[in-house]
Amino acid sequence: MRLSLLRQYVFTRRAEALPVHVPPRRSVPIKATSRGIAEPMRASQLLISTLKETPSDAEVVSHQLMLRAGFIRRLTSGLYTWMPLGLRTLRKVERIVREEMDRSGAQEILMPAVQPAELWQESGRWEQYGPELLRVVDRHQRDYCVGPTHEEVVTDLARRELNSYKQLPANFYQIQTKFRDEIRPRFGVMRSREFIMKDAYSFHLGEASLKETYQVMYDTYVRIFTRLGLDFRPVIADNGSIGGEGSHEFHVLADSGEDAIAFSTGSDFAANIEKCAALPAPLDETPERAAATQEMTLVDTPNAKTIAALVEQHGLDIVKTVKTLIVKAAEGVEGGLIALMVRGDHELNEIKAEHLPQVAAPLTMASDEEVRAAVGAGFGSLGPVGLKMPIIIDRSVALMSDFGAGANIEGKHHFGLNWERDLPLPEIADIRNVVAGDPSPDGQGVIDIARGIEVGHIFQLGTKYSEAMNATVLDENGKAQPLSMGCYGIGVTRVVAAAIEQGNDKGGIVLPEAIAPFQVAIVPMNAHKSVRVSETAERIYQELTAAGYDVLLDDRDLRPGNKFADGELLGIPHRLVIGDRGLDNGEYEYKGRRDAEATMIPVDTLMEFLVERSTL
RNA sequence: CGGAGUAUAGCUCAGCUUGGUAGAGCGCUGCCUUCGGGAGGCAGAGGUCGUAGGUUCGAAUCCUGCUACUCCGACCA
């Protein structure tokens, strides 16, 4: 179509659609700063929908504050509108991600959000993925899904476009809306159904090249999260069925995080607790079982149904007690049940347990009735002695001596138990969560536990998709070889929530300068009366904007208290108050978002002062 | 999917037990006053009480179905 025709068409359509409403001309034109953010910048022209009260359905701080600050509004469960203020922050996150991805040599593309079922059938995930995959049917009754991830599409792209080893390695990324039909969306944008993700996919001939790019992406992620101003940690993750060492998660540290991560106080080691190996004993203890010193006794413990009660009522050291948990066994195990034992002060790691071949996946605890039918006693009286089912004990349980356990008789426990004397030593496995103080699996230092929000994940996929979808290139010998793949994700929308989860106080949001909706808020005092104030505020605003700062001029007709409160709630790092009082002394008032007190700064030092205080 | 709960004004909630025709605070509109930490006064707008049915002379209130949302659990890069 000729451009002139197109113009005419567009013009006509526009004229039809918008015949009446002509938006008022802005007094200052919209423009782009050096950061590329187009700015409405005058508060009176911006939708600043702040709430004084906390909406009742928001559970975590970041969600509460994002609603109160007018960053987001909920449409329905798991779906959110990004309001002007929130979008500014989101765009800044995207921008940093994009800049660093580009710097790493990755190429940006944009794939469709809606994907044909055929590709997913080819990879086998149409069946595997389950109800989290939102499936839709078009008018021709063809099946599609709304993409939760893009391995299939990108592998399809690669098999069409990549033919030769000479085109490799290649890394493609996009920043795009995904949809996962989460069973239970929660915490606002932290676990929503629709979200924005940066996902990258690299293609290689051979492992070495993959590992090289993987390392580049690891370094790129460190740069990204550092620039975002977040307290984060790369954490070893498990590759599951694919195997290998090639997976890291990036976690933002926050108490409300959904994941527990174990890290060493003596090295860089960090792992998701789900996957962190638990060594049998602390380093300063002998990893051998102490000799038996007590006789096995049968004790009446009618009121001791829990470990805590047992310890309380019978003076047992908690590390001399064991928990016996009965779960459904994998098919083929006689009786259908299996017992798992961990020390009284430890917790079963359900992921590890589920991976045991004898245990049914998903892990299912046996009901009280099932246990009574099989054992003759209920929860609280279970133990290994005479138990007629397979038993698997944790490594640390194997090292116990003189310990107490339920006797499989209602209201009775055995004390003074010893393996290989009173009962045979069962199969041993690592089935517990590591706890603070455990030795680090890398042999250096001890484990400490922190909570984290997973904001990034990098992964060496290998040839899983390329083989399933027949994506090959010719190598130097003219032979077709399957592509090795890596994939690298960052939850962009989740990053915003995580940043707020990490940065907040009574006043509201405290964002790093790199991603705050504005860097500087200018609050003129009494601007409607003092021409001097309003003109000065206007001038500073122009100067700072020209200098590349992202500035909000709060020209709203509100009382100062409202503006101060809003500025804090929004998390704007720098605040300048322009008032007659200060101007009489040749000063502006400055307050950093984290500062307890405001400081007066001489008018002519403003620029240097801001440069010094700015973290960008 | 299992368990629990909620649904009344834009937001936070009261009213429901014991049925009698709709309330508060905040927010919003106008006017006045005020202007350095979410001011004050006056006047207003705004609700088919989630929805469908039932009981009743009469239902926000009692009963039943449905829907939406929230929380706990199982699930999950």
Side-chain angles (χ1 to χ4, degrees), chain A residues 48-60 63-64 67-68 70 73-79 125 128-133 147-151 178-188 190-193 195-201 235 237-240 247-251 258-259 272 274 328 350-351 354 361-365 367 453-459 461 487-495 506-508 523-530 533 554 556-569 575-582 589 591 597-598 600:
Chain A
I48 301 180
S49 299
T50 53
L51 303 173
K52 217 181 291 183
E53 288 174 284
T54 302
S56 56
D57 54 359
E59 198 72 6
V60 295
H63 188 197
Q64 294 173 349
L67 289 168
R68 281 192 53 209
R73 286 291 182 260
R74 197 189 65 179
L75 208 215
T76 183
S77 176
L79 301 177
R125 286 160 115 196
Q128 277 170 27
Y129 218 91
E132 204 174 294
L133 186 65
T149 177
H150 279 71
E151 280 85 2
K178 309 278 192 212
F179 192 96
R180 291 183 192 172
D181 201 355
E182 293 278 349
I183 297 173
R184 190 146 88 84
R186 58 187 135 176
F187 305 153
M190 187 105 84
R191 181 171 290 279
S192 51
R193 294 194 291 174
F195 58 100
I196 295 174
M197 181 164 165
K198 185 286 298 176
D199 49 329
Y201 306 88
V235 160
D238 178 54
N239 266 20
S247 181
H248 285 83
E249 295 168 351
F250 287 75
H251 284 260
E258 290 188 274
D259 290 295
N272 195 311
E274 291 177 348
K328 300 274 171 66
E350 301 190 3
I351 308 285
E354 193 173 296
L363 187 80
T364 315
M365 303 297 289
S367 68
I453 300 164
E454 185 188 353
V455 289
H457 198 164
I458 58 177
F459 209 101
L461 285 175
C487 77
Y488 319 94
I490 290 178
V492 178
T493 38
R494 184 182 279 186
V495 162
K506 311 111 268 162
V523 182
M525 302 303 301
N526 249 328
H528 58 293
K529 279 192 185 158
S530 169
V533 165
D554 200 340
R556 294 177 297 172
D557 185 19
L558 290 178
R559 301 169 66 84
N562 291 276
K563 299 185 184 184
F564 295 155
D566 271 354
E568 279 162 21
L569 180 56
R575 182 184 80 193
L576 285 173
V577 178
I578 314 300
D580 279 314
R581 202 192 286 171
E589 179 193 296
K591 185 168 179 291
E597 300 290 332
M600 301 307 294

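First the proteins, then the strands, lettered A, B, ... as listed; each starts at 1.
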Original post:
Is the shortest side-chain N/O distance from A:T54 to OP1 or OP2 of B:rU12 below 4.0 Å?
Top reply: no
Original post:
Quantified in whole Å, what is the C1' atom distance between nucleotide B:rG25 and nucleotide B:rU64?
Top reply: 36 Å
Subject >> Pairwise P distance for B:rG15 and B:rC62, with rounding to whole Å >> reply: 12 Å
Original post:
Starting at CZ of A:R184 and ending at C1' of B:rG2, how long is that distance when rounded to a whole Å?
Top reply: 13 Å
Subject >> Between B:rA77 (P) and A:H150 (NE2): distance, integer Å >> reply: 17 Å
Original post:
Would you call A:E589 and A:R581 a salt bridge, taking side-chain N to carboxylate O under 4.0 Å as the test?
Top reply: no
**OP:** Could you tell me the separation between the CD atom of A:E132 and the P atom of B:rA74, rounded to a whole number of Å?
**Re:** 15 Å
**OP:** Considering only atom C1', compute the distance from B:rC49 to B:rA14 and round it to an integer number of Å.
**Re:** 13 Å
**OP:** Spell out yes or no: do the side chain of A:R575 and the base of B:rG37 have one donor N/O and one acceptor N/O closer than 3.5 Å?
**Re:** yes
Subject >> Pairwise P distance, B:rA9 and B:rU61 [rounded to whole Å] >> reply: 15 Å
Original post:
For A:D57 and A:R74, what are the C-alpha separation, side-chain angles and deciding distance, and is it a salt bridge (Lys or Arg N to Asp or Glu O under 4.0 Å)?
Top reply: CA-CA 11 Å; A:D57 54 359; A:R74 197 189 65 179; 3.4 Å; yes
Original post:
A:P560 side chain: which of B:rA77, B:rG36, B:rG38 is closest?
Top reply: B:rG36
Subject >> Gap between atoms CG and C1', on A:D57 and B:rC71 respectively (whole Å) >> reply: 11 Å
Original post:
Base, sugar-phosphate, or nothing for A:R73, non-hydrogen atoms under 4.0 angstrom?
Top reply: nothing
Original post:
Roughly how far, to the nearest 0.5 Å, is the CD atom of A:E249 from the CD1 atom of A:I453?
Top reply: 13.0 Å
Original post:
Within this structure, what is the CZ-to-P distance between A:F179 and B:rA77, rounded to whole angstrom?
Top reply: 17 Å
Subject >> Euclidean distance, atom CD of residue A:E182 to atom C1' of B:rU70 [Å, nearest integer] >> reply: 16 Å
Original post:
If only side-chain N and O atoms of A:T76 are considered, is one of them under 4.0 Å from the OP1 or OP2 phosphate oxygen of B:rC69?
Top reply: yes
Original post:
Is the backbone N or O of A:E454 less than 3.5 Å from a side-chain atom of A:R494, with the two atoms forming a donor-acceptor pair by type?
Top reply: yes
**OP:** Quote, to the nearest angstrom, the P distance that separates B:rC71 from B:rG10.
**Re:** 23 Å
Original post:
Should B:rG20 form a Watson-Crick or G-U wobble pair with both distances under 3.5 Å, which nucleotide is its partner?
Top reply: B:rC57
Original post:
Would you say A:R74 reaches B:rU70's phosphate, i.e. side-chain N/O to OP1/OP2 under 4.0 Å?
Top reply: yes
**OP:** Using a heavy-atom cut-off of under 4.0 Å over every strand shown, decide if A:E568 touches base, sugar-phosphate, or nothing.
**Re:** base
Subject >> Rounded distance in Å - NZ (A:K563) to P (B:rG38) >> reply: 15 Å
**OP:** Could you give the distance separating B:rG27 and B:rG47 at their C1' atoms, to the nearest angstrom?
**Re:** 16 Å
Original post:
Watson-Crick or G-U wobble partner for B:rC35, using a 3.5 Å limit on both distances?
Top reply: none
Subject >> Short side-chain N/O contact to B:rU12 OP1/OP2 from A:S56, under 4.0 Å >> reply: yes
Original post:
For A:K52 and B:rG27, is the shortest distance between a side-chain N/O and OP1 or OP2 below 4.0 Å?
Top reply: yes
Original post:
If the P atom of B:rG65 is compared with that of B:rA74, how far apart are they to the nearest Å?
Top reply: 29 Å
**OP:** Inspect the contact between A:E182 and A:R191 and indicate whether a charged nitrogen and a carboxylate oxygen are less than 4.0 angstrom apart.
**Re:** yes
Subject >> Nucleotide nearest A:E454 (side chain, heavy atoms from C-beta), chosen from B:rG36, B:rC1, B:rA77 >> reply: B:rA77
Original post:
Does A:N562 put a side-chain nitrogen or oxygen below 4.0 Å from OP1 or OP2 of B:rA39?
Top reply: yes
Original post:
Does B:rC69 have a Watson-Crick or wobble mate here (both distances under 3.5 Å), and if so which one?
Top reply: B:rG5
Original post:
Atom CD of A:E249 to atom P of B:rC76: distance rounded to whole Å?
Top reply: 13 Å
Subject >> Pairing partner of B:rG30 (Watson-Crick or G-U wobble, both distances under 3.5 Å) >> reply: B:rC42
Original post:
Just by modelled atom types, is the A:A58 backbone N or O under 3.5 Å from a matching donor or acceptor in the A:Q64 side chain?
Top reply: yes
Subject >> For B:rC76, the Watson-Crick or wobble partner whose two distances fall under 3.5 Å >> reply: none
Original post:
Relative to the 5' end of RNA chain B, which residue comes earlier, A:I578 or A:P55, by the nucleotide with the nearest heavy atom?
Top reply: A:P55
Original post:
Among B:rU70, B:rG38, B:rG73, which is the nearest nucleotide to the side chain of A:S77?
Top reply: B:rU70
Subject >> Options B:rA77, B:rG38, B:rC76, nucleotide nearest the side-chain atoms of A:R191 >> reply: B:rC76
Subject >> Under-4.0 Å salt bridge between A:D199 and A:K178 >> reply: yes
Subject >> Separation of the P atoms in B:rC75 and B:rA68, to the nearest angstrom >> reply: 24 Å
Original post:
Is there a donor N/O on one and an acceptor N/O on the other, under 3.5 Å, for the side chain of A:E53 and the base of B:rG38?
Top reply: no
**OP:** When you get a sec, tell me which of B:rA77, B:rG36, B:rC35 is the closest nucleotide to the side chain of A:K529?
**Re:** B:rC35
Original post:
With no angle test and no hydrogens, is the base of B:rG38 tied to the side chain of A:D566 by a donor-acceptor pair under 3.5 Å?
Top reply: yes
Original post:
Do any side-chain nitrogens or oxygens of A:R559 fall under 4.0 Å of OP1 or OP2 in B:rG36?
Top reply: no
Original post:
If you find the nucleotide of RNA chain B closest to A:R186 and the one closest to A:V577, which residue's nucleotide is nearer the 5' end?
Top reply: A:V577
Original post:
Short question: side chain of A:R68, backbone of A:T54 - any donor-acceptor pair under 3.5 Å?
Top reply: no
